[in-house]
Amino acid sequence: MLAVVCVFAAACSRKPEPGITRTVSVSAERLAQIRMNPHIKGSLRGSDPAARLGGIEGDPSPPGIMFFSEMEPYLGDLGFEPGKMILAIEGKAAHDIFIPRWKKKGGIRPGGFSRDHYKDLIEYLFLENAWRQCVILVYTDVPGSYEVLKAGGYQPKAERWLIRFE
């Protein structure tokens, strides 16, 4: 009987996503902290983290969510740092998710860096969706120089990150 239960449980468990390059876990305690206080400042210097959508309004950056140099709070815990962008969340392009949302945010255009964009991303990832896990498509090694991007020739390197909420 025990063998039947084990086989059934194994068959029902979600199989690993193909092509995952990084797996990150968010503990239940950390998720509770984020949900209680999703909008803390990023550093002692007092600056709030900021995000924007690249690849719109004539921007030569790849399409996706770009970050100001600081990604704390919360995204730094997942491994985000300068040079990384979010292209898609759970198979849906970041532009499709956030252009409509950010157009409604107090007149701040989606292509402009704003702390409200960052806060909305945190809300989307950690508050609004009750995911047990999600897959995020991430560009790595994105040049920080506008001139390098404008010159062309940059080919984004994509990774698939599995974020597990425990």
Side-chain angles (χ1 to χ4, degrees), residues 14-26 30-31 34 38 41-43 45 47-129 131-166:
R14 187 172 177 179
K15 299 209 184 315
E17 295 278 341
I20 296 297
T21 53
R22 175 182 271 182
T23 300
V24 182
S25 295
V26 179
R30 185 63 169 154
L31 187 58
I34 294 168
K41 288 201 179 284
S43 69
R45 291 175 286 166
S47 63
D48 285 332
R52 74 176 184 91
L53 288 172
I56 58 175
E57 303 170 358
D59 178 10
S61 304
I65 300 172
M66 303 181 75
F67 303 99
F68 195 60
S69 61
E70 280 188 55
M71 281 168 266
E72 291 295 333
Y74 313 130
L75 292 184
D77 294 349
L78 299 179
F80 283 95
E81 58 192 25
K84 290 188 171 60
M85 294 177 64
I86 295 175
L87 173 65
I89 301 170
E90 278 298 291
K92 190 169 182 182
H95 281 188
D96 294 342
I97 298 168
F98 293 103
I99 284 177
R101 292 171 66 104
W102 292 357
K103 281 186 176 179
K104 298 175 188 172
K105 294 266 178 204
I108 302 165
R109 62 186 223 286
F113 277 110
S114 169
R115 70 175 183 263
D116 289 332
H117 294 163
Y118 189 93
K119 290 176 182 179
D120 189 57
L121 172 62
I122 297 300
E123 289 173 3
Y124 184 82
L125 286 174
F126 298 107
L127 277 70
E128 292 176 20
N129 296 288
W131 291 315
R132 293 194 54 171
Q133 62 184 28
C134 68
V135 175
I136 300 176
L137 184 60
V138 177
Y139 281 157
T140 63
D141 301 327
V142 178
S145 166
Y146 193 75
E147 288 75 28
V148 170
L149 290 167
K150 201 169 187 176
Y154 165 70
Q155 293 297 316
K157 296 174 188 142
E159 294 182 352
R160 289 172 42 95
W161 292 11
L162 175 65
I163 312 297
R164 289 191 175 145
F165 300 97
E166 300 175 343

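FYI, side chains are in, hydrogens and waters are out, and symmetry mates aren't considered; it's all heavy atoms of this structure. None of the values given here were measured: they were computed from a predicted structure. The chain is numbered in sequence order, starting from 1.
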Exercise: identify the closest heavy-atom pair between [X] and [Y]:
{"X": "Pro62", "Y": "Tyr139", "result": "CB-CE1, 3.5 Å"}
{"X": "Arg22", "Y": "Ile20", "result": "O-CG2, 3.3 Å"}
{"X": "Leu162", "Y": "Val135", "result": "CD1-CG2, 3.9 Å"}

Applying side chain to side chain donor-acceptor pair (under 3.5 Å), can you list everything that pairs with Ser61, at least two apart in sequence or on another chain? Asp59
How many angstroms lie between atom [atom1] of [X] and atom [atom2] of [Y], to the nearest 0.5 angstrom?
{"X": "Leu75", "Y": "Ile136", "atom1": "CG", "atom2": "CD1", "value": "8.0 Å"}
{"X": "Ile108", "Y": "Arg115", "atom1": "CD1", "atom2": "CZ", "value": "7.5 Å"}
{"X": "Tyr118", "Y": "Phe113", "atom1": "OH", "atom2": "CZ", "value": "12.5 Å"}
{"X": "Gln133", "Y": "Ile163", "atom1": "CD", "atom2": "CD1", "value": "10.0 Å"}
{"X": "Arg160", "Y": "Thr23", "atom1": "CZ", "atom2": "OG1", "value": "10.5 Å"}
{"X": "Ser25", "Y": "Leu31", "atom1": "OG", "atom2": "CG", "value": "12.0 Å"}

Residue pair Val138 / Met85, side-chain heavy-atom distance below 4.5 Å: no
Does Lys119 reach the side chain of Pro38, with side-chain heavy atoms less than 4.5 Å apart? no
In sequence, state the C-alpha distance, the side-chain angles, and the governing distance for Phe98 and Ile86, and then conclude on side chain to side chain contact (heavy atoms under 4.5 Å, CB included). CA-CA 11 Å; Phe98 293 103; Ile86 295 175; over 6 Å; no
Using the six-membered ring wherever Trp is involved, compare the ring planes of Trp161 and Phe80 and label them parallel, tilted or perpendicular (cut-offs 30° and 60°). tilted
Show your working on side chain to side chain contact (heavy atoms under 4.5 Å, CB included) between Phe67 and Leu121 and close with a plain yes or no. CA-CA 11 Å; Phe67 303 99; Leu121 172 62; 3.7 Å; yes
Stepwise salt bridge (Lys or Arg N to Asp or Glu O under 4.0 Å) check, Glu57 with Arg109: CA-CA 10 Å; Glu57 303 170 358; Arg109 62 186 223 286; 2.7 Å; yes
Does the His117 side chain pair with the main chain of Gly111, one donor and one acceptor, at a distance under 3.5 Å? no
Look at the side chain of Asp141 and the backbone N and O of Gly83, then say whether any donor-acceptor pair between them is shorter than 3.5 Å. no
Assess the residue pair Ile65 and Leu53 against the criterion (side chain to side chain contact (heavy atoms under 4.5 Å, CB included)); give the C-alpha distance rounded to whole Å, side-chain angles, the decisive distance to 0.1 Å, and a yes or no. CA-CA 5 Å; Ile65 300 172; Leu53 288 172; 3.7 Å; yes
